[in-house]
Structures are given as structure tokens and as C-alpha cells.
2 protein chains.
Amino acid sequence: MTNSPTLKEVAQRAGVHVTTASRALNPATSSLVNPATMRRVQAAARELRYQPNAMARGLKTARSMSVGVLIPDLTNPLFPPIVRGIEDVLAAAGYTTLIANTDNDPDRQVKLFDTLRARQVDGLVVATAHREDGLFIDAHRAGTRIVLVNRRVDHSDIPSVTGDDHDGIAMAVRHLIDLGHTRIAHVAGPQDTSTGRGRLRAYRQALDDAGMTLDPGLVVAAKGFTELEGARATRAMLDAGKVPTAVVAANDMIALGCLDVFGERRLRCPQHISLVGFNDMPFIDRLTPPLSTVRVPHYQIGAEAARMLLDRFGNPDLPTKSITLPATLVLRESTAPPSR
Amino acid sequence: MTNSPTLKEVAQRAGVHVTTASRALNPATSSLVNPATMRRVQAAARELRYQPNAMARGLKTARSMSVGVLIPDLTNPLFPPIVRGIEDVLAAAGYTTLIANTDNDPDRQVKLFDTLRARQVDGLVVATAHREDGLFIDAHRAGTRIVLVNRRVDHSDIPSVTGDDHDGIAMAVRHLIDLGHTRIAHVAGPQDTSTGRGRLRAYRQALDDAGMTLDPGLVVAAKGFTELEGARATRAMLDAGKVPTAVVAANDMIALGCLDVFGERRLRCPQHISLVGFNDMPFIDRLTPPLSTVRVPHYQIGAEAARMLLDRFGNPDLPTKSITLPATLVLRESTAPPSR
DNA sequence: TTGTAGGCGTTATCAG
DNA sequence: CTGATAACGCCTACAA
């Protein structure tokens, strides 16, 4: 951006040494400087619209005051609220957020991770972790500050903030049972993610708790949390002759895919078949029909993760913790008693 | 991130001087170095997972290899596609994107602008400009590299990439006229933005071109491109006793607000009243009813803006240009002939 | 082809 | 309270 004024110029204008100017402008050290000179320096800084050069400062202090955020894809409406939560908390603390889209591509993820390292980010918020993600396990072990959001890594003590998957699914299944459903299917998510796996387990357990036996044909797994994959998996189930009266989708994107297939097969929702999603992502309430789903407080997840990261900056030896935020069942119009 | 290896360490491991290591690792200068030593250096770099410190490099080269992006709010589904377009092009050129949300708050915008300046961004992509936006006019004049997306600034030669608002609205109005509508309203956007103003003008002109006289009561302006404001403005129009048979909304968010009010007033869309939005933002096709709207290629707008910025980095004296990308009318189920 | 010296803008550490 | 000096990690003349 052309030529930013430097501290030296501010100092000259104020008639003091660079060091003094530095001290005057730095809240932490400004108490050591004469109020009068302080005012002069601040005036000069204001007049020149001085902004300290973050790169120079970072080089000296070995802190970039920036945090990297790894997400699969910003255009998936699930993530912007999380990112906003992160940004709002971080910005208030003076940190800048660097967002990187991995597109679920491991190579890309490594590359982006390295770019972020090159930029000397002080820490990372990661929404793309897989259950056995060597990249983050190693980095965490090596001392990189990482907080996981949404998904966890198996057998690892990387701190994390997630929604209550287990309880969310339990409520969804319970709700369908209460409506009278007995053939409840699950279109699961990818099993190499903690969310995909955890929600499937929760579904199994919920049926078990209700004393219902599970029909393995009513469980299919999507290979990604996408509409297309949700549709593919649902089609596979239906094509195998398994027609449930209700479906619990592993997330809202997958539920969208279910809905697409219901349309193809002339299955009206909720008259012929009920559907529950997961996440309550933006705009899912305006679908036809408005989707019943499990709400997870995404903004708070992001905000909490950022706070956790900041805490760890302050005290690097803080014990690892994992926060689970409560889920809520949001009933709209995609669920109804089974038709006979 | 703990202690990144430095160039010095790489050099030591390879048994060469720092300078040589620097040259070996830098594509531009690597031709000056002995192939054998080059291999040694590269091996050492790989083993240490060396990443050049972007801050140190930036300090020396006076370029941060980063670009700031100013948007109102990431959770508005209009923006993620634009941001993705920007990021994809920029990342391919080795640039990092810094996203900042202004929330339409001028003070916040100034603050974020300064933060970005502090980070020494090499340029800016701005989606938040107002028609008379002193901040960007001044910055542009002072030599800051800026490209505007979506919105323009009046009487200014800041380069920009926008969708074809005029043609888009013209097609929408034409379509409604062709369906037989004669009482066509416009819920306009904020008039201090080029999009809000431009679309209103286009609406007027389109009526005029069709030889229809404009009923001033059928034009209301929202104070923001939001669902709430769209609803407020629509309510005001209806409360004034003006009931159109069709509405052209200044964008999809406003259209959402229109739909809300139609619901309140028991006006069925499209049976009783037709509606056309603008932007074709994600998920607007899954509404009840699926919204007819004007599609603007947002990803391409972002990508094109990034390319323009890169061009200007390469040649700072490039003449300013403004690119307009074509709009398309997307007909879905929110428009129908007027009922009698 | 490789090494030496200096400096980018800032702050930490001394000394005055 | 203020000033001098060095250093952060990298790059770029210039010299060898």
C-alpha cells in the first residue's frame, strides 16, 4: 500500500528517539514515558495515520498475532457462523484470522498448513480433522497450538469444542419413536470423521435404549457430508428394497440429498416419510418442508474455540480440555407420525 | 508454532552459507547455484520441513504477499462464493487472503482497514463500498491497490468487477410484463449503494421502455439488503394500500422479507403475487416457492477481481477498468400471470 | 559459484 | 525518563 509512515518518521516529527516513540505508542510500556512527550508522540502518530508494521513487530516479538482457520469449504453454510464466532473473539483480542479452504483434500490441507506455518500463525483452529489425522496429532505433539472444532481426533488430547452429537441424535431418534416410527433409517456421514462415526453410534445406541432391533439394511453411509453423497447413499438404500418410514440424516447437507431422492421416488415428506437433519444450518428452515433438525450452536463453538486458543496463548501449559456444547432438537415440518 | 527452523539452520545442515541457501531455495535465483549444492540445500530444507518466515521476507521485500477482503458479513450466503473466487485465484499466485467483516458499520470499516494496513496487505478487494465512500476514494488516490466487487463508487476511477444490474433488472421487469403484469412494484435496496440505486433506475427505465407509467406508491426502499428491512419496506407499501401483482426485489435477502410479509397477509406466491429476486444466492432455489431471480456469477466476480488486482501488482500503471459480468434471468416458481 | 555486509521496522536490553 | 545498540530472519548488492 504505497509508503506507510514508519516509527522513525513519527519519532522525528515528535522530536524524540525511535525507542521513545515505540514506548509511547505501546500500551504496555507507555507508563514509562513522560506524559508530555507521550502526547507529542501520539499527536504525530495520529497526524501521519501511523500504523505499526505488523511484520516488523512480528519478526521482533516472534508472534504474528494471527491465527489460521482450516475449514473444508466456506461456501458450505455450516462454516460461516463458526468462522464468525472465531473472528469476533479473536479480533477483540487483536488477532487476525487467516481462513483456508481444504476442500477435503489431504494434500491441499498439508499445503495450506505449511502456508500458515510460513505466516507464523500463533495457533490454529481446525474444522477439518479426521479421526486419525497424523498432521494435527504430530503438530500438536510438537507444540503447535491447535483447537479442534466440530470434529475430534481419536485417542488424542488435542483440545476441542464440539456440539453434543450423541445427545442430539438421541433426541432425534427418540422423537421419531415417540411419533410411532419403527423403521427408522440412518444415512450416516463419512466414518473417518468423529461426527460421522459418533452419530452412527448414537443412532445405534438410541434404538437399543428403546429396545428396538436394528435392521442393518436401514443404515447407509455417505462418503462425504454433501447433498450428492446423501442422495447417493439414500438411493442405494431404497434400491436395495429397504424403505423406512423415517430417516435420521447425519447432517443437513445429507438431509438435502435425502429430500432430493424422496422427490424422485414420489415419497412425500413428512406424509410418507419423516426426516431429521443435523446442524440447523442457515436457510434449512425455509426448505420445503422446513426441516426438523438438531441445532448446534455454531457461532458459540467458534467463539469458544477462539477463547480456548487465547487461554492457551496466555498459559501454554494449560491442561487440555474438550468442551461439548448442548444440542437442541428443533421440530419443524419434516416429521410426522408414520402413515399406515 | 514453537520454533520453526530458520534458513540458517538449513544452511548449517547443508554445510553452506545462509546466502547460498537463500539462493538455492528461491526459484528466481536458483540458477546461480551449483546443482550439487542445490540438491544438498533442498534436501536439508525438506528434512527440516523448512518454511521461509513470511514476516522476515515481507519486511525485506516490502511485500506481504497478502490481500485484504472487506465484506459486510460472511454469514450472508451471497459472499462466500465471491470470497472463494478471490481466494482460489490469489492462492494460486501465492497470496494469502485476509477476510474482514464490517457488519456495515463505517467505524468498524475504518478500524479494519487500518488493521489491514498494519498487516501491510499488498492490495484490497472491497465489497462494502458506498456510493460516496471517502475511505476508498482517498486510499485509491493515495496509491493503495483496490478493486471493488459488486458495488461501485460514484464518479471515481477505482477499478471494479460487478454483475450487470441494469440488464438483470430489465430482464426481470420484461418477464413480468410479458406475463401480463401491469402493477409491478420495486422493493429497492439502500440508495447509498450503487446496486440499490442502479437497480432502482433500471426498474424505472424498464417500465418506461415498455411504455408503462410508474406509480410512485409502488416503489419503496429498504435501508439495508436484509430480510428484516425487506419485510419492513414491503409492509409499508402494503399498509399504504398499494397492492401490486408483482414485485421485483433489489436482492434475494429482500425478497425473503417480501415472502415473509406475503405470508402474513395471506398473499400466495405466485398465485396472488409474483416475486423476482436478485443474485441467485445459494439455497434460494429451495425456498417455498423456489424463487425466480437474476443470477450473477459471484464466484467469477471474485476470481476476476483477484486477477485484476494481480495484474495491477504486476503493472501498477495499468489503466483503470471496470468489468461487468453478464446476468441471467433464472425462472423458477415464484412468477406467474396475474390472477384476475 | 559462493561469501560478506547491511538493512527492512520494530522492540528488548542496556546505559545514561 | 530517554537514548543508543543490537537483534529478529531474510534478501540483495557487491566483492571475492
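First the proteins, then the strands, lettered A, B, ... as listed; each starts at 1. The model shown is predicted, which means the values in this text are computed figures rather than measured ones.
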The test is side-chain contact (heavy atoms from CB on, under 4.5 Å); show your working for B:Val121 and B:Leu98 and say whether it passes.
CA-CA 8 Å; B:Val121 293; B:Leu98 307 187; 3.8 Å; yes

Ion pair A:Asp103/B:Arg84, N-O distance below 4.0 Å
yes

note: A:Arg63, atom CZ; C:dA12, atom P; distance rounded to Å ~ 11 Å

Rounded to the nearest 0.5 angstrom, the CG-CG distance for B:Leu59 and A:Asn53 is 6.0 Å

For A:Ser31 and for A:His17, locate the closest nucleotide of DNA chain D by heavy-atom distance; then report the residue assigned to the nucleotide nearer the 5' terminus.
A:Ser31

For a quick check, with a 4.0 angstrom heavy-atom cut-off, what is the B/S/- contact string for nucleotides 7-16 of chain D, read 5' to 3'?
BBBBBB----

Any side-chain donor-acceptor pair under 3.5 Å between A:Arg131 and A:Thr193?
no

Among side-chain atoms of A:Thr128 and A:Thr102, is any donor-acceptor pair under 3.5 angstrom?
no

